[in-house]
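Shown next, in structure tokens, is the structure this report addresses.
Numbering of ligands and ligand atoms starts at 1, following listing order.
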Amino acid sequence: MNPEYTPVEPGFGGMQGAYERAKVVFVGIPMDCTSSYRSGARFGPSRIREASINMETYLPSLDVDVYETVNISDLGDLVLSSDLTKDGMSVTETVKKLIGDGKIPGLLGGEHTLTCFALRAFDDVYVLHFDAHRDLRDEYLGSRVNHATVMRRVLDRMKPEKLIQLGIRSSSKEEAEFAREKGIRTYTTEEILRSGTEIMKEVRRVVGSSPVYLTIDIDVLDPAFAPAVSTPEPGGLSTVDLLKLIRATGGLEIKGFDVVEVTPPFDSGNTAFAASKVIYEILGLLSTTPP
Ligand code: MN
Ligand code: MN
């Protein structure tokens, strides 16, 4: 099975370089078939790219210009069929190929469901999961694979101690019990607001030099900062809080990342710009000139 892509021009940040030389390779995954409330995440990749080309590639926080310090390529958008099983295999194949070629995949969502397929391509990684929600239901609205069960599906083939959830402020009772039972390391929004980037010291101690995958559901932000998401949850982090947290992951062995759930039909542009800013911050960390 050979995944196909719809090419986009310009790619993320307008920094389209040769695939062969690229360290980070972006792929848009316009997956949008299980949204339970507001759909439209299929437009996420193009709006995130649009925002990205209207932002500076120089990051004052790190004093690096990612245009000069990270080679980037953008394959365009993965062609999907709306058959979740088939589409999921395309996501896994895409990520496998990128990893095999020594690239760091940067996935632009798309609904969060794509993450369980992406992670099938990795043998063993810590997953730093930024989200308002745990996404740990075993089943939701009669289906076992969707945005509300995605991290549970990840745990079907990954040890619970490898999952770290950050920014959580919404959960069903079943999810809370499951997380407690499995001992899933959790940092709630409140704990993050109380302790700030201090919590990252603990995360770094746990993760050490092991490979890490970042999955960022943009609804981890308060709806004031990211209103255009599928399931808004008030009481969240500010964009600055999130950027500081991400910056504090510097030095971790990031092997891949995704930013998901941007739902443009509900956006004035803020959410896509917030997502793009988060990605620039990650690119800063992947820069060849370490901060
Ligand atoms: Mn969420
Ligand atoms: Mn999610």
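The Mn ion (ligand 2) is the vertex of the angle joining OD2 of Asp131 and ND1 of His112, which measures 90° to the nearest 10°.
When you scan the N, O or S atoms of His133 for the one nearest the Mn ion (ligand 1), you land on ND1. The nearest N/O/S atom of Asp217 to the Mn ion (ligand 1) is OD2. If you look at Asp135 and ask which of its N, O or S atoms sits nearest the Mn ion (ligand 2), the answer is OD2. Taking the N/O/S atoms of Asp219 in turn, the shortest distance to the Mn ion (ligand 1) belongs to OD2.
At a cut-off of 2.8 Å, Glu233 does not coordinate the Mn ion (ligand 1) through any N, O or S atom.
Crowding of Glu4 atom CD: a count of heavy atoms from other residues, nucleotides or ligands under 6.0 Å not exceeding 12.
Aromatic ring pairs are classed by plane angle as parallel below 30°, tilted from 30° to 60° and perpendicular above 60°; the pair Phe26 and Phe12 is parallel.
At least one test fails for Lys162 against the ring of Tyr213: distance under 6.0 Å to the centre or angle within 45° of the axis.
Electrostatic pairing of Arg49 and Asp77 counts as a salt bridge here, judged by a charged N lying under 4.0 Å from a carboxylate O.
Under the 4.5 Å side-chain contact rule for hydrophobic residues, Ile218 and Leu107 do not share a cluster.
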